[in-house]
Participant: 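Here's a structure for you.
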Amino acid sequence: MARAFVDLHCHTSASFDSIADPASVVRAAASRGLTHLAITDHDTIEGALRARDAAPTTLRILVGQEIRTRDGDLIGVFLERSIARDLPPMEAIAAIREQGGLVGIPHPFDRFRGSLLRDRSGEPNLMLEAIAPLVDWVEAHNARVVGGHANERAAAFAADAGLPGVSVSDAHSALEVAVAYSVMEGDPSTPEGLKAALAPLVATDLVTGRATYFARGITPIAKLLHRLRGRPRPGAAT
């Protein structure tokens, strides 16, 4: 059975907080040995479509999106059109499924981002039990999580919920591409193939890297550049 090297969370300059041109992301991914890369820009699939057009035959681009829901972020892949932002999580998941897509939970406990499962105001997080049966994977290692125990909590949640745990770069620059990824058996080029490849994935299958503070610092620089270009954040009023 073929082995695949897969990153299910990566951004391009179509995101408001990235400076990485889709073509440069594709070149970096291919040169570093990835076989499958999900481009998951914030609230748009524009960058994923451009990356797919630029990809060599050795790299399969999965068209995806990081979706800001009313309660936190979700990842959708195998999309044909963008999902609206600010929907309730269950409605966003339904919209992904309507397109035949798969659903992941990004950086679920990261307190610095729009994380779906992080604690809020000390209240019990009822989303933990409600969301688990509706998704296909959890990011058990996100290379952009800095400090705290968010990755450890994510891995524990995935294990407790019986969900596959993946390792992702969450790259916002070409420098970060492939800093973390997952090794899978099979061909995750289709929704059915990815589900089959995810099924046996456990914590010991993760291949992880460590994001540097320099790489993390690229995000505010990218946001500033987008503002200077007069480019509105996707979903913002114009």
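Model, not experiment: these values are computed from the prediction.
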Participant: Any pair with a residue in residues 21-38 that passes salt bridge (Lys or Arg N to Asp or Glu O under 4.0 Å), sequence neighbours left out, goes on the list, sorted by first then second residue, please.
Facilitator: Asp21-Arg50
Participant: Are the side chains of Asp86 and Thr69 in contact, using a 4.5 Å heavy-atom criterion?
Facilitator: no
Participant: Mind jotting down which residue pairs meet the salt bridge (Lys or Arg N to Asp or Glu O under 4.0 Å) criterion with at least one end in residues 160-175? Sequence neighbours excluded, please.
Facilitator: Arg113-Asp170
Participant: Name the atoms and distances for all side-chain donor-acceptor pairs under 3.5 Å in residues 74-82, with sequence neighbours left out.
Facilitator:
residue	atom	partner	partner atom	Å
Ser82	OG	Ile45	N	3.3

Participant: List the residues meeting salt bridge (charged side-chain N to carboxylate O under 4.0 Å, His left out) with Glu185, not counting sequence neighbours, and say none if there are none.
Facilitator: Arg3
Participant: Restricting to pairs with a member in residues 94-106, which pass side-chain hydrogen bond (donor to acceptor under 3.5 Å, both in side chains), not counting sequence neighbours?
Facilitator: Arg97-Asp136
Participant: Go through the structure and list residues passing side chain to side chain contact (heavy atoms under 4.5 Å, CB included) with Pro56, not counting sequence neighbours.
Facilitator: Val26, Ala30, Thr58, Leu59
Participant: So do Ile96 and Ile83 actually touch side chain to side chain, heavy atoms under 4.5 Å?
Facilitator: yes
Participant: Does a side-chain heavy-atom distance below 4.5 Å link Asp17 with His172?
Facilitator: yes
Participant: Checking His107 against Ser115: is there a side-chain donor and acceptor pair closer than 3.5 Å?
Facilitator: yes
Participant: Apply side chain to side chain donor-acceptor pair (under 3.5 Å) to Ser189 and list each qualifying residue two or more places apart in sequence or on a separate chain.
Facilitator: His36, Asp187
Participant: Checking side-chain polar atoms at under 3.5 Å, does His11 have a donor or acceptor matched by the opposite partner on Glu66?
Facilitator: yes
Participant: Is there a side chain to side chain contact (heavy atoms under 4.5 Å, CB included) between Met90 and Leu134 once you walk through the steps?
Facilitator: CA-CA 8 Å; Met90 305 311 179; Leu134 304 177; 3.3 Å; yes
Participant: Side-chain contact, heavy-atom cut-off 4.5 Å: Ile67 with Arg85?
Facilitator: no
Participant: Return the set of residues passing salt bridge (charged side-chain N to carboxylate O under 4.0 Å, His left out) with Asp73 (not counting sequence neighbours), or none when no residue passes.
Facilitator: Arg68
Participant: Just so I know, are the side chains of Ile39 and Cys10 near enough to count as touching, which here means a heavy-atom distance under 4.5 Å?
Facilitator: yes
Participant: Given side chains that start at C-beta, do those of Trp137 and Leu8 come closer than 4.5 Å, heavy atoms only?
Facilitator: yes
Participant: Taking side chain to side chain donor-acceptor pair (under 3.5 Å) as the test, write out the residues that go with Glu139, two or more places apart.
Facilitator: His9, Asn142
